[in-house]
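Notes to accompany the following structure.
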Amino acid sequence: MAAGGQVVDTPAAREFLDRALERISREQCRAISAECAGKARLVQALLAPEQAGGPGDERLRTLLRAVFSTRRRVDAVIGAAGGSAELGAALGELARGAAPIEQRVDAFVERLSSLGDIELACDLAGEVLHHVHPGRFWLFSRWLWSPRLRTGALGLVTTEADLAGETPGETYLKIGRALVMLRASADAGGLLDLGEQPWDLDVLLACVYGVYLYTITRLRMTQEFNKVIPPLPELVRRFLGVHRLEKLEA
């Protein structure tokens, strides 16, 4: 399925899914999708605009621990933003600002530039946008697509895909276009029982990347190291930030 230079590699996607279903059931995929919906409700509550003075330090820390790439760098992210109040304001502008989305992504990534890790800032931006506005925006996770490494789940199931942009915001838009076509192809080809929820496609792509990770690890690492990688259901939950997801304290 081709459009605008993007081609969905349906045979590759089907092969990855078949291999994934040897390690995870469709029922488990649906359960993880429901957990992602719960995470969205959590993020929306954590960043609710009516909070006086912003979300506050503890809520921001809960948010950062729910993101795969920031869960171990909570203090560093808050410090790079200039403090909890500044990070809360930056997240609010990212999620609900008036500027075009690519400009908001670029501004947020620049705000965290002192981290020295553009992909981490992109991960966080995509997580917030996707979970605050699940029907409008999408993930920007490095396992989905890494501009630096030029690989990721999207690259494994598309061909001739130009996902590299001049800025993080431009790359984010290109990823979004590719995801639209991938969903249409998945629906048409019956790759997965994709419902109306956006989380179903997230789960499918996390499964794709999990299978890829198992494959390259088996080829490159020792058998003992391979045993360290968790089973696919847990790995997918970790990628999507719902493994042992915290609850919002009243």
Residue that, paired with E119, satisfies side-chain contact (heavy atoms from CB on, under 4.5 Å) out of S146, P168, S69: S146
Please give me the minimum heavy-atom distance between [X] and [Y], naming the atom from each residue.
X    : Y    : answer
G88  : L60  : N-CD1, 3.9 Å
A125 : L94  : CA-CD2, 3.6 Å
A48  : R96  : CA-NH2, 4.4 Å
Y214 : L232 : OH-N, 2.8 Å
P233 : I32  : O-CD1, 3.8 Å

Drop me the distance from [X]'s [atom1] to [Y]'s [atom2], to the nearest 0.5 angstrom.
X    : Y    : atom1 : atom2 : answer
L63  : R65  : CG    : CZ    : 10.0 Å
W199 : S33  : CH2   : OG    : 8.5 Å
L204 : C29  : CG    : SG    : 7.5 Å
L235 : R23  : CG    : CZ    : 9.5 Å
L245 : C36  : CG    : SG    : 9.0 Å
W145 : L179 : CH2   : CG    : 12.5 Å

Is there a side-chain contact between [X] and [Y] (heavy atoms, below 4.5 Å)?
X    : Y    : value
L17  : C207 : no
L87  : L64  : yes
L205 : W143 : yes
R61  : I78  : yes
P147 : T171 : yes
R150 : L163 : no

Without swapping roles, check the side chain of [X] against the backbone of [Y] for a donor-acceptor pair under 3.5 Å.
X    : Y    : answer
S113 : V109 : no
Q103 : P100 : no
T217 : L213 : yes
R142 : L149 : no
H130 : G126 : no
Q44  : H131 : yes

Pair listing, ring-ring contact (aromatic ring centres under 6.0 Å, His included) test, anchored in residues 65-100, at least two apart: F68-F239
CD1 (I101) with more than 12 external heavy atoms under 6.0 Å: yes
Short side-chain donor-acceptor distance under 3.5 Å, D123 and S141: no
Worked check of salt bridge (charged side-chain N to carboxylate O under 4.0 Å, His left out) between R104 and E93: CA-CA 7 Å; R104 283 186 269 156; E93 183 62 25; over 6 Å; no
Test log, rule side-chain contact (heavy atoms from CB on, under 4.5 Å), inputs F108 and L91: CA-CA 8 Å; F108 183 78; L91 289 169; 3.5 Å; yes
Criterion side chain to side chain donor-acceptor pair (under 3.5 Å) against H243, the qualifying member of R71, R237, R238: R238
Intermediate values then yes/no, side chain to side chain donor-acceptor pair (under 3.5 Å), T215 and R19: CA-CA 10 Å; T215 302; R19 292 166 63 188; 2.6 Å; yes
Y212 and Y209 aromatic ring geometry - parallel, tilted or perpendicular at 30°/60° bounds: tilted
Whether Y172 and W138 hold their rings parallel, tilted or perpendicular, with breakpoints at 30° and 60°: parallel
Step-by-step salt bridge (charged side-chain N to carboxylate O under 4.0 Å, His left out) determination, E35 to K39: CA-CA 6 Å; E35 291 165 20; K39 176 178 172 179; over 6 Å; no
NZ/NE/NH1/NH2 to OD/OE distance under 4.0 Å, D200 and R30: no
T167 vs D106, side chain to side chain donor-acceptor pair (under 3.5 Å): CA-CA, chis, key distance, verdict: CA-CA 7 Å; T167 68; D106 287 339; 3.2 Å; yes
Worked verdict on E127 versus L139 for side-chain contact (heavy atoms from CB on, under 4.5 Å): CA-CA 6 Å; E127 286 268 352; L139 293 175; 4.1 Å; yes
Pair L47-V132, side-chain contact (heavy atoms from CB on, under 4.5 Å): steps then yes or no: CA-CA 8 Å; L47 297 177; V132 173; 4.1 Å; yes
ILVMFWY cluster, L144 and L120 together (side-chain gap under 4.5 Å): yes
